[in-house]
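If you're wondering where the values come from, they're calculated on a predicted model, not measured in any experiment.
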Amino acid sequence: MTVPGSYDELRRAIQERLDSMAPGQKRIAEQILTDPEGTAFRSVAETAAKAGVHQSSVVRFANLFGLSGYPALTALCQQQLTREAQLISRFGRAEKLSQSEDLLAATVEHEEQNIRRTLSRITPADWERTLELLGDSDHVHVMGLRKCLSVAELMAYLLRLVRPGVHLVSPVTGALVDDLRDLQPGDTFVAISINRYTAETVRAFEEAKKRGLHTIALTDSSASPLARIAEVTHLVECEGPAILRSVTAFIALAQALTTGVAVRNGKRSRSELLQDERLLGDFGVYSG
């Protein structure tokens, strides 16, 4: 057994075993996956209390992954926080605590933090792999429902501008089965969902994985059912100043990825854009 040397390795190891864990182990796993920041500074007693288990169960959980004990587990979470802080500083993020009660100012503050934190989490390897899959696969299928529908529609629209073979999987038209029938091994399936995760999105993603497609998840937590089976996962911050969750960082990521695909594909993307402009003119899509 390979002992995790980073939080990402620990996260993947937990996700691989999650389905076979006992209820108490699953509750411990959820603490680590959904709140690594809190876990980094909680005592073993505090983590045990939150998970509703005995302290010895938390220690055995760490041992299950080859770690010497609970301090070794929290050390990986602390390393993750340090890495994120270093990445965030590269993006020029300055931590600010807003004291304003003005909703507009609070919204700006939250959305800025959401975008910066989301983009700062992306490793160069994950970024390049995502662009490779989105740019080189014969077909790309994009799916998101309810609040994530607008993100999926935008991402599919933007990708169509810079490459052919992009499909929006949209069961709102009653054609989910028809869309899934067209999935082919080697294609790429992008699923977008946040807690509470839509069942149809999860089922479609599982079907895509089963049929040999590459899988990319845009989601809000390592505990997401999408993250557990995705080839590449991008964790997106979606907290807002009010009761409604934000999709602004999802939109920013979708636009960044599409721009990355366009730059990576070069002449191929320019050809698609020129053809699109010609068709827009021929059909008089825009006024004037």
Side-chain angles (χ1 to χ4, degrees), residues 4 7-39 50-52 61 64-65 77 80 114 118 121-123 126 129-130 133-134 140-153 155-156 168-172 176-177 179-180 183 185 187-239 245-247 249-250 253-254 257:
Y7 175 79
D8 283 340
E9 292 177 2
L10 176 63
R11 170 179 57 80
R12 286 193 291 269
I14 292 174
Q15 289 170 338
E16 288 172 359
R17 299 191 184 192
L18 199 58
D19 288 338
S20 62
M21 287 182 182
Q25 291 176 322
K26 284 186 177 180
R27 292 195 296 273
I28 299 170
E30 287 171 1
Q31 292 296 321
I32 298 167
L33 294 177
T34 61
D35 189 17
E37 295 181 12
T39 304
K50 286 184 71 68
F61 184 89
L64 183 65
F65 297 94
C77 295
Q80 174 71 2
N114 285 347
T118 295
R121 281 175 171 163
I122 302 173
T123 65
D126 282 348
R129 181 56 175 161
T130 303
L133 294 178
L134 295 179
V140 175
H141 310 267
V142 185
M143 182 176 182
L145 298 178
R146 296 181 64 80
K147 195 163 193 177
C148 294
L149 176 61
S150 60
V151 181
E153 288 178 330
M155 188 169 186
L168 179 66
V169 180
S170 181
V172 294
L176 177 59
V177 173
D179 288 337
L180 297 182
L183 302 182
D187 288 354
T188 293
F189 196 104
V190 182
I192 307 166
S193 190
I194 60 178
N195 193 13
R196 296 179 293 173
Y197 309 100
T198 50
E200 285 185 314
T201 302
V202 176
R203 284 200 297 266
F205 204 52
E206 291 172 340
E207 179 67 16
K209 184 78 169 182
K210 186 190 308 180
R211 293 174 60 174
L213 278 76
H214 300 290
T215 49
I216 300 172
L218 274 58
T219 189
D220 59 345
S221 167
S222 294
S224 162
L226 301 181
R228 286 163 54 191
I229 60 175
E231 181 175 336
V232 183
T233 298
H234 294 291
L235 298 181
V236 184
E237 291 290 326
C238 51
E239 293 306 315
R245 304 187 79 190
S246 169
V247 296
F250 279 94
L253 177 56
L257 288 172

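What you find for Cys77 and Pro36 is that their closest heavy atoms are CB-O, 3.5 Å. The shortest heavy-atom contact between Val142 and Ala152 is CG1-O, 3.8 Å. Across all non-hydrogen atoms, the minimal contact from Leu213 to Pro185 is CD1-N, 4.2 Å. Closest approach of Arg129 and Val232 over heavy atoms only: CG-CG2, 3.7 Å. Minimum interatomic distance between Ala227 and Thr233 (heavy atoms only, all atoms of both residues): CA-OG1, 3.6 Å. Nearest heavy-atom pair, Thr198 versus Arg146, reported as atom, atom and distance to 0.1 Å: CG2-CD, 3.7 Å.
Between the side chain of Gln15 and the main chain of Ser222, a donor-acceptor pair closer than 3.5 Å is present. A donor-acceptor pair is defined here as one N or O able to donate and one able to accept, closer than 3.5 Å; no such pair exists between the side chain of Arg121 and the backbone of Glu237. With hydrogens and angles disregarded, no donor-acceptor distance shorter than 3.5 Å links the side chain of Lys50 to the backbone of Gln31. For Thr215 (side chain) and Phe189 (main-chain N/O), no donor-acceptor pair under 3.5 Å exists by modelled atom type. In this structure a side-chain-to-backbone donor-acceptor pair under 3.5 Å is present from Ser224 to Leu226.
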Practice task
Check step by step if side chain to side chain contact (heavy atoms under 4.5 Å, CB included) holds for Leu257 and Met155.
Solution key: CA-CA 9 Å; Leu257 288 172; Met155 188 169 186; 3.9 Å; yes
Problem - Verdict with reasoning, Asn195 to Ser221, per side chain to side chain contact (heavy atoms under 4.5 Å, CB included) - result: CA-CA 8 Å; Asn195 193 13; Ser221 167; over 6 Å; no
Exercise for the section: Show your reasoning for whether salt bridge (charged side-chain N to carboxylate O under 4.0 Å, His left out) applies to Lys210 and Glu207. Expected result: CA-CA 5 Å; Lys210 186 190 308 180; Glu207 179 67 16; 3.7 Å; yes
Practice task
Let me see the working for Thr219 and Ile192 under side chain to side chain contact (heavy atoms under 4.5 Å, CB included), right down to the final yes or no.
Solution key: CA-CA 6 Å; Thr219 189; Ile192 307 166; over 6 Å; no
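Between atom CD1 of residue Ile122 and atom OG1 of residue Thr130 there is a gap of 7.5 Å, rounded to the nearest 0.5 Å. The OG1 atom of Thr188 sits 7.5 Å away from atom CD of Glu231, with the distance rounded to the nearest 0.5 Å. Here Met143 contributes atom CE and Leu168 contributes atom CG; the two are 9.0 Å apart, rounded to the nearest 0.5 Å. The structure places OG1 of Thr39 at 6.0 Å from CD1 of Ile32, a figure rounded to the nearest 0.5 Å.
A salt bridge links Asp8 with Arg11: the distance from a Lys NZ or Arg NE/NH1/NH2 to an Asp or Glu carboxylate oxygen falls below 4.0 Å.
For the pair Arg17 and Phe65, the cation sits on the ring face: its NZ or CZ lies under 6.0 Å from the ring centre, inside 45° of the axis.
The closest side-chain heavy-atom distance from Ser193 to Val202 is not below 4.5 Å. Side-chain contact between Ile14 and Met21: present, with at least one pair of heavy atoms (C-beta onward) separated by less than 4.5 Å. At a threshold of 4.5 Å between non-hydrogen side-chain atoms, the residues Phe250 and Thr118 do not count as touching. The closest side-chain heavy-atom distance from Ile216 to Leu134 is below 4.5 Å.
Partners of His234 according to the ring-ring contact (aromatic ring centres under 6.0 Å, His included) rule, which considers only residues two or more places apart in sequence or in another chain, do not exist here.
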